[in-house]
Amino acid sequence: MSVLEQTEQKLKQVISDAIVKTGLVGEDFPEIMLEKPKDKAHGDFAANIAMQLARLAKKAPRQIAEAIVAEIDEDEAGIEKIEIAGPGFINFFMKDDFLLQVIPMILEQNEDYGKTDAGKGERIQVEFVSVNPTGDLHLGHARGAAYGDVLSNLLEAAGFKVEREYYINDAGSQIDNLGLSVEARYLQELGHEADMPEDGYYGQAIIDIAKKIIEEDGDKWVEKSHEERFEYMKEYSLKASLANIERDLKDFGVVFDNWFSERSLYKDGQIDEAIQKLEAGGYIYEKDGATWFKSTEFGDDKDRVIIKSDGTYTYLTPDIAYHKNKLDRGFDKLINVWGSDHHGYVARMQAAIQALGYPEDKLEVKIIQMVNLFEGGEKVRMSKRTGKAVSLRELMEEVGIDATRYFFVARSNDSQLDFDMDLARSQSNENPVYYVQYAHARICTMLEQAEKKGFDVDADYDASLLTTEKEQDLLKKLGEFPQTVTDAAKHHAPQRLTNYVLELASLLHSFYNAEKVLDEDAPDRTNARIALMKAVRITIANGLKLLGVSAPKKM
RNA sequence: GUCCCGGUAGCUCAGCUGGAUAGAGCAACAGACUUCUAAUCUGUAGGUCGCAGGUUCGAAUCCUGCUCGGGACGCCA
């Protein structure tokens, strides 16, 4: 538990005790909420409990506030002073020493600063990307990849046990189309006439795979029967496609613990098992020659076919089996990261979870809204089919990994994202990524300077010498880091971390311009400031690491 | 037609379990480099939080209706 949290907990307890002592209300009153006011004039913590109790106690909020304050033991909670303000806020100004513990704690925890045990080791599986292996990853996939990865990092830091999984759709008709597409490209490349399948994949990746086969085997497949050729091309391109995806993701900094094959569900009879489970619950019926899942029982719009009249499964069927498999693996919680085009699919999946006998909240689906790409002020249309889509690979090459990842998680997952290529590419002050990285680099070179100038960067220091407003602001911000990480994790909101890191960088730059750190004439203060700088550096580095963004020592 | 997401400064967006005077970056304007990195800082200006009701001591935040933009609604995957 961080210093800040400890202080907060204690304060809550003291307030709670005081309320009981006033005798205004019984033992049963709302939980005490403390907020950190934006305005420093409102203290370090503010409580709104007096307003909340107004109705219960049938008294004016300010009167209640006064009664509570009268009962508060200031020394016990380390309170400097208390003020009652506005409609009935109780503002607490804490003694400074609670901030002084921040630096030693950060220096000691170092790379672990920010980690908490809030998740209590709960097992969470995050399934993300899971793109059909039929071509390159595009913009939308990249956003999902960045989001899923940073979310996983955050959950890990917050004390959850996280497993990252990629579900490979390697069993459906899209894989046949992939095989047919590669076959057509193969023949075309060798100068033969061949039509692409109707739902073929037109991306460059497909052509590259065909070329690779020619490189390896020459024209030996031209002679073979279509069946033999197709079968080979299908399996080959599936493997090649997956390898591409895995490599692109790895280069993007995204590594999965588990790649789960849809085909494995067929092999082990898991699909039949899942259907039987639904049947046992009475959620299955026959109509028009097909087998239906009664998903409307759990709030879905309409029932869903799981076995078509031709005897084959719909997309949903193996997916139900897949989720059953996941749940059987004993995760406390499943998180799926899906593209916005799949949002209509959420209700039926939630229904399936419940029909399988699990509570609805076992599965949480995070929908990633669309990415619109802009370049030169023009909207760039992205489509896997046209082959003109901007791929993750291109993005990494043109914009860089750091900026791409940062931009993708800096916005809430459920608002659409306008990705400005020119801005992300620009290595200038317009780009927030560099702003944060620059703060880190600045401290690094400063510490280097310190050593050159003969300061002992590991000297003992007296943190109570950090009395200027900017120093205090920095200390306060540093202390909030662990809480920010857990909040971002619990709300599945990585953008809270990008915001935090940006704010911390801003405070650092502001301090840097106002105060000189290395000052021969004030060695004690210099030692204290060096310690502060080290703490800031560690915190920025830890934040960037969670984002998967590098923390350069020089820029 | 039904459902999902969004509408906040000129632009792109934050805004927590409802709190005090709605924030940041960019763009605009005025300043700061003989100094530990000016990829920085300081200041100015910029708002009917889509609209209308409701709940509340208090609403950008919660509820209802409307509106605009995007998306999804298959025995496709």
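Every chain is numbered from 1, with letters handed out A, B, ... down the list of sequences.
Counting non-hydrogen atoms under 4.0 angstrom, A:Lys302 reaches the backbone sugars and phosphates but no base. Counting any heavy atom pair closer than 4.0 Å across all strands shown, A:Asn48 reaches a base atom. Counting non-hydrogen atoms under 4.0 angstrom, A:Ser309 reaches a base of the nucleic acid. Counting non-hydrogen atoms under 4.0 angstrom, A:Asp301 reaches nothing in the nucleic acid. Nucleic acid contact for A:Ala54: none, since no nucleic acid atom lies under 4.0 Å from a heavy atom of the residue. Residue A:Asp288 is in base contact, counting any heavy-atom pair closer than 4.0 Å across all strands shown. Across all strands shown, A:His509 has heavy atoms under 4.0 Å from sugar-phosphate atoms exclusively, and none from any base. Using a 4.0 Å heavy-atom criterion, one finds that A:Ala46 contacts the bases of the nucleic acid, with or without backbone contacts as well. Counting non-hydrogen atoms under 4.0 angstrom, A:Ala514 reaches nothing in the nucleic acid. Using a 4.0 Å heavy-atom cutoff across all strands shown, A:Asn91 reaches at least one base atom of the nucleic acid. A:Ser412 comes within contact range of the sugar-phosphate backbone alone, with a heavy-atom separation under 4.0 Å but no base atom that close. Within 4.0 Å (heavy atoms only), A:Ser415 reaches sugar-phosphate atoms of the nucleic acid but no base atom. If you check every strand for non-hydrogen atoms under 4.0 Å, A:Ala60 touches nothing. Nucleic acid contact class of A:His342 (heavy atoms, under 4.0 Å, all strands): base.
Listed candidates were B:rU40, B:rG15, B:rC36. Nearest to the side chain of A:Arg442 is B:rU40. Considering only side-chain atoms of A:Thr445, the nucleotide from B:rG19, B:rU17, B:rU37 that sits closest is B:rU37. For A:Ala290, whose side chain is taken as the heavy atoms from C-beta onward, the closest listed nucleotide among B:rC5, B:rC75, B:rU37 is B:rC75. Of the candidate nucleotides B:rC41, B:rA14, B:rC16, B:rC16 has the atom lying nearest to any side-chain atom of A:Asp487. When distances are taken from the side chain of A:Ala85 to each of B:rG6, B:rG19, B:rA20, the shortest belongs to B:rA20. Picking from B:rG70, B:rA20, B:rC41 the nucleotide with the shortest atom distance to the side chain of A:Asn513 gives B:rC41. Comparing B:rU12, B:rU37, B:rC76 by their closest approach to the side chain of A:Ala441 singles out B:rU37. Of the listed nucleotides (B:rA77, B:rG71, B:rU42), B:rA77 has the atom at the smallest distance from the side chain of A:Ser173. Here the side chain of A:Tyr345 is nearest to one of B:rC16, B:rA77, B:rA14, namely B:rA77. When the nucleotides B:rG70, B:rA24, B:rC5 are ranked by their closest atom to the side chain of A:Met370, B:rG70 comes out on top.
For B:rC33, the base adopts the syn conformation, since its glycosidic angle falls within 90 degrees of zero.
Taking only side-chain nitrogens and oxygens, A:Lys490 never comes nearer than 4.0 Å to OP1 or OP2 of B:rU17. The side chain of A:Lys308 places an N or O atom within less than 4.0 Å of a non-bridging phosphate oxygen (OP1 or OP2) of B:rA77. Distances shown here put every side-chain N or O of A:Tyr434 at or beyond 4.0 Å from the OP1 or OP2 atom of B:rA39. Look at A:Gln495 and you'll find a side-chain N or O under 4.0 angstrom from OP1 or OP2 of B:rG15.
Across the P atoms, B:rG43 and B:rU61 are found 31 Å apart, a figure rounded to whole Å. Straight-line distance between the C1' atoms of B:rA14 and B:rU8: roughly 10 Å, to the nearest whole Å. Taking atom P on both B:rG53 and B:rC13, the two are 29 Å apart, rounded to the nearest angstrom. When the P atom is compared between B:rG15 and B:rA24, the two are found 15 Å apart, to the nearest whole Å. With P as the reference atom, B:rU48 and B:rG10 are 8 Å apart, rounded to whole Å.
Between the A:Tyr512 side chain and the A:Ile443 main chain, no donor and acceptor come within less than 3.5 Å of each other. A:Asn169 contributes no side-chain N or O that, together with a main-chain N or O of A:Asn132, makes up a donor-acceptor pair within less than 3.5 Å. Panel note: side chain A:Ser295, backbone A:Lys302; a donor-acceptor pair is recorded below 3.5 Å.
A donor-acceptor contact under 3.5 Å is not formed by the side chain of A:Thr314 with the base of B:rC75.
A:Asn336 and A:His323 form a side-chain donor-acceptor contact under 3.5 Å, judged by distance and modelled atom types alone. For the 3.5 Å distance criterion, the side chains of A:Gln270 and A:Asn325 qualify, holding a donor opposite an acceptor.
For the pair A:Tyr435 and B:rG25, the ring geometry does not qualify as stacking, because the centroid separation below 5.5 Å and plane angle under 30° are not jointly satisfied.
Note: A:Trp259 and A:Tyr166 have parallel aromatic rings, judged against thresholds of 30 and 60 degrees for the angle between ring planes. The aromatic rings of A:Tyr322 and A:Tyr167 sit parallel, their planes meeting at an angle under 30°, below the 60° perpendicular limit. In this structure, A:Phe408 and A:Phe419 have tilted ring planes: the angle between them lies in the 30° to 60° band.
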